[in-house]
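Structure, as structure tokens:
As the structure is a computational prediction, the values presented were derived from the model and not from experiment. Sequence positions, counted from 1, serve as the residue numbers for this chain. For the numbers below, each heavy atom of this structure counts, side chains included, while hydrogens, waters and symmetry mates do not.
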Amino acid sequence: MSLDNPSKCLSIHQKQHQTHKSQSKTRRLLYLLLIVEIKKKKKKKLRNNSPTSPSPLPRFVLFPPKSPTTHKKSPKVPTKTTHLSNTQNPKLVMGTGASKNQESSHGGSENLDRSGGQLYVSLKMENIRLNSDLVPHVYGSVPIVGYWDTSKALSMERESASMWELSFVVPPNHETLEFKFLLKPKHVNASCLVEEGPNRLLKGGMLQGDVRLALFKLGGDEVLECRVFIKADMVSPFDLAASWRAYQENLKPSTVRGIPDVSINAAPGAGVENGSSASLELDLEHYVVPAPTSSVIYAANLTENPRSRDHAGVFSNSDGLGSTSLGSDRAVATSVAHSADMEVMIPESSRVPSTPEMVESKSVGTFSPMQKQDSQRGLFVDRGVGSPPRLVKSTSASSFTSDLEMDSETKKDMPAAAGAVAAAAVADQMLGPKEDRRLAIVLVGLPARGKTFTAAKLTRYLRWLGHETKHFNVGKYRRLKHGTNQSADFFSADNQEGIEARNEVAALAMEDMISWMEEGGQRGQVGIFDATNSTKKRRNMLMNMAEGKCKIIFLETICTDERIIERNVRLKIQQSPDYAEETDFEAGLRDFKRRLDNYVKVYEPVEEGCYIKVIDMASGRGGQIQVNNISGYLPGRIVFFLVNCHLTPRPILLTRHGESKDNVRGRIGGDTILSEAGELYAKNFANFVERRLKSEKTASIWTSTLQRTIITASPIVGFPKIQWRALDEIYVGVCDGMTYEEIKKNMPEEYESRKKDKLRYRYPRGESYLDVIQRLEPVIIELERQRAPVVVISHQAVLRALYAYFADRPLKEIPHIEVPLHTIIEIQMGVTGVQEKRYKLMD
């Protein structure tokens, strides 16, 4: 290089320096990129090997990771915070040997905003050497347990071979959590091992103090060290419920999956008591608790009172025996009927303004304005308080108005029911009745043939389905009019005065029944006329009275089994008010048999009109039913019910499942397993069933398809177990997995609608109590058909509906019937009606 041109040399040197500088910068960038990539790979490897990885699923997962094996997806609901997932760090992750995650804790106080959300906390403990006999627990302040009591600490569940987990939601009014871990022996009654050191404090979603190991002194100098992992996140109740449902349905394997719908366990070996260490007192009476309806009441005494009965309890002597004046009992019944709301509402044309259209709102019986559509009026049917109304348009506004005017009398006949009952009523309103809306079931038969028993069962069944039904017993009218001290001569065909007296009270009862069906304030649909009606002359009188007012179907009960007749006769002497003052049983028996002979002499079987003949069906073995000129939905249901009825005595045991994890958490719906108390009840209940039904080899166990009922039944051996989908708990729709407090806060309209009318309220995309009743009808029919004992393990809403049927409770009372946990309701079915007994095995 020549030096005689210094400017040229300087330029070359500058270029070389710039090139070297650029290359050095590039090398530094490449080096930094390499370091970053290595760090990413190390973090990914550590995350995959870390116990906090979501691959082993915890007991409760907020947002389950996507997996190829997952067939269903949880609904996506937007939240105000970052969701937990495979690729995202939680807002708070703390573990031993590591500091707080700077990325997730940075700005954590901003992210953990409590507006509209709740704090979800997950606690995990890991130790490979942890003895399987020691179960990790958590105890502490509200809301974990509520007090520092080791005996009531919450159990952590095993997530993997070395990992235990417990998760919970902190209510908004509890910002601070103070807790500790402890180890409880699984089988031995030994003291608990509480972790060393101060209490752990979680405040506002952040752990206060340093992260530390959980140390437990096992004895001497031996110390057990456990790693602790804590996660916290703010979520809305909707996210919580949605992810919980997805976890339950898609990711958490059912503990009962694989069990067939019908199964039977092998009988236990000698000296083994259900394979359980739980034991009960030898005398089951030790566990009996008071029942609401335990006394036996003569069925005829529960029938309707005469409408002309005065306050003194006897008929007045005026000519107005069939007048509409009511006694005190009747007045109470009427006021109840008037106050009852109807599920299906039809607005009267006179009450509908011409300008804005009116539709029925969620609150039953109210209307709200709606924009006019296509110049047509619409018929709105509310199929549930929590459901949007349905619009059925008529062909024109004028035709709709004329239909309303034509059927103005029938608007009050709409039943308080759901399903087929409501559908038939709506169809009658829009298209005209396909069959008679008022039905009179007139009993026919000799005394002691089960007429009153059959009438009472039929009344109970129709009321439970939602049909307005009343039972009118002519014998009760006769006793109130002429007293109870009538001898057999009063019923003789040669006693003309007695015949007139009996015809008179029969006419009064028929008039009362027809008046009840026709009067404007009532919705009388089915009247059951209970008397012997043993002659054609009497039956012709009744048909003439009912002509043009209601349809009559004769129901004749025939029994040729002398043993059953003798048993019924003896029960009649013991229970009938006709012989309440007779101290000599044999004298009463002879008098009743003379009365029976008087009826036999003049008895004429039914051959006229529409009739159903029930022949020798009492035993449940064979028999037959004859029908003539029977058509229509309701008569068909009545025939189907009677085919399955009999008088064979047998117990029916109703119980809820053992306490579940969701019962402890206060969450509705779901399909969780049992808590420790629930598992103990399952063992005690199996012990109870074995002792109570030890002589019953043909009994069966019915459960729902939810695992908490199947697990409750699992310790029971020696009896077939049948799963019924119809016995599943009431479906709460979008509220599945939520607490009532969360519903009240986030869905106040739904909460108030349910509070106003629990019977008709339908959860959004869920069910109402009326829906549950409709799907339980096959269960009731099968319970009536069974001749052996049945054990029903189900849920609160379902058992309320079943119990209401047996106890003949009004529909409006069903949502409020008390069916406590760990209690057995024994229903005794037999010739004396329904008797109840309750056992409480646990507090």
Side-chain angles (χ1 to χ4, degrees), residues 410 413 415 417 419-421 423-425 427-428 431-446 449-472 510 513-514 517 524-536 538-559 603-618 620 622-646 777-778 780-782 784-785:
T410 64
D413 297 333
V421 179
D428 287 349
L431 304 175
K434 186 178 179 180
E435 58 190 77
D436 295 283
R437 289 188 295 271
R438 300 186 181 97
L439 192 62
I441 307 297
V442 177
L443 274 294
V444 178
L446 293 169
R449 263 55 174 185
K451 295 185 303 299
T452 299
F453 175 82
T454 302
K457 292 192 73 166
L458 187 56
T459 301
R460 188 173 72 238
Y461 172 71
L462 294 175
R463 283 175 178 169
W464 184 77
L465 286 180
H467 301 283
E468 290 293 329
T469 307
K470 287 189 181 296
H471 181 186
F472 296 83
M510 191 67 178
M513 186 173 72
I514 294 174
M517 289 181 175
Q525 189 176 6
V526 181
I528 298 182
F529 189 82
D530 182 11
T532 57
N533 302 314
S534 55
T535 64
K536 289 184 179 180
R538 164 73 71 83
R539 297 194 291 266
N540 288 334
M541 179 190 78
L542 298 177
M543 286 192 290
N544 291 333
M545 294 179 66
E547 187 175 0
K549 300 174 182 177
C550 63
K551 177 182 179 180
I552 283 186
I553 294 179
F554 293 112
L555 175 55
E556 184 176 13
T557 59
I558 301 173
C559 180
Y603 186 76
E604 297 175 302
V606 175
E607 295 178 352
E608 66 276 12
C610 307
Y611 62 78
I612 305 169
K613 291 192 178 189
V614 181
I615 305 172
D616 290 330
M617 296 287 293
Q624 59 178 304
I625 285 190
Q626 298 177 2
V627 298
N628 180 65
N629 197 20
I630 298 297
S631 63
Y633 170 78
L634 191 53
R637 301 306 303 167
I638 293 173
V639 171
F640 182 66
F641 176 75
L642 294 173
V643 167
N644 292 280
C645 287
H646 55 86
E777 186 185 7
I780 290 296
I781 294 296
E782 189 59 29
E784 289 286 357
R785 195 183 71 85

State whether the side chain of [X] and the backbone N or O of [Y] hold a donor-acceptor pair below 3.5 Å, judged by distance alone.
{"X": "Lys613", "Y": "Val606", "answer": "yes"}
{"X": "Asn533", "Y": "Arg539", "answer": "no"}
{"X": "Asn628", "Y": "Gly609", "answer": "yes"}

What distance separates [X] [atom1] from [Y] [atom2], expressed to the nearest 0.5 Å?
{"X": "Phe529", "Y": "Leu443", "atom1": "CZ", "atom2": "CG", "result": "9.5 Å"}
{"X": "Cys550", "Y": "Gln525", "atom1": "SG", "atom2": "CD", "result": "12.5 Å"}
{"X": "Ile528", "Y": "Leu458", "atom1": "CD1", "atom2": "CG", "result": "4.0 Å"}

TODO: Would you mind telling me which of Leu555, Leu634, Ile553, Ile630 makes a side chain to side chain contact (heavy atoms under 4.5 Å, CB included) with Val639?
DONE: Ile630
Considering all heavy atoms, the nearest [X]-[Y] contact:
{"X": "Lys551", "Y": "Cys610", "answer": "CE-SG, 4.1 Å"}
{"X": "Glu784", "Y": "Arg460", "answer": "OE2-NH2, 3.6 Å"}
{"X": "Lys451", "Y": "Leu446", "answer": "NZ-O, 2.9 Å"}
{"X": "Lys549", "Y": "Ile514", "answer": "CD-CG2, 3.6 Å"}
{"X": "Ile615", "Y": "Gln626", "answer": "CD1-NE2, 3.7 Å"}
{"X": "Lys470", "Y": "Arg463", "answer": "CA-NH2, 4.0 Å"}

Does the side chain of [Y] come within less than 4.5 Å of [X]'s, by heavy atoms?
{"X": "Thr454", "Y": "Arg449", "answer": "no"}
{"X": "Met510", "Y": "Met541", "answer": "no"}
{"X": "Pro635", "Y": "Leu439", "answer": "yes"}
{"X": "Ile638", "Y": "Leu462", "answer": "yes"}
{"X": "Thr459", "Y": "Phe472", "answer": "no"}
{"X": "Leu465", "Y": "Glu777", "answer": "yes"}

Task: Audit row: Thr452, His471, side-chain contact (heavy atoms from CB on, under 4.5 Å) steps and yes/no - done: CA-CA 9 Å; Thr452 299; His471 181 186; 4.2 Å; yes
Task: Glu608/Lys536 salt bridge by N-O under 4.0 Å criterion - done: no
- [ ] Output all residues satisfying side-chain contact (heavy atoms from CB on, under 4.5 Å) with Phe640, sequence neighbours left out; order by chain, then residue number.
- [x] Arg637, Asn644, Ile781
Task: Partners passing ring pair (Phe, Tyr, Trp, His ring centres under 6.0 Å) against Tyr611 (at least two apart in sequence or in another chain) - done: none
Task: side-chain contact (heavy atoms from CB on, under 4.5 Å) between Trp464 and Thr469, intermediate numbers included - done: CA-CA 10 Å; Trp464 184 77; Thr469 307; over 6 Å; no
Task: Parallel, tilted or perpendicular: rings of Tyr633 and His467 (30°, 60°) - done: tilted
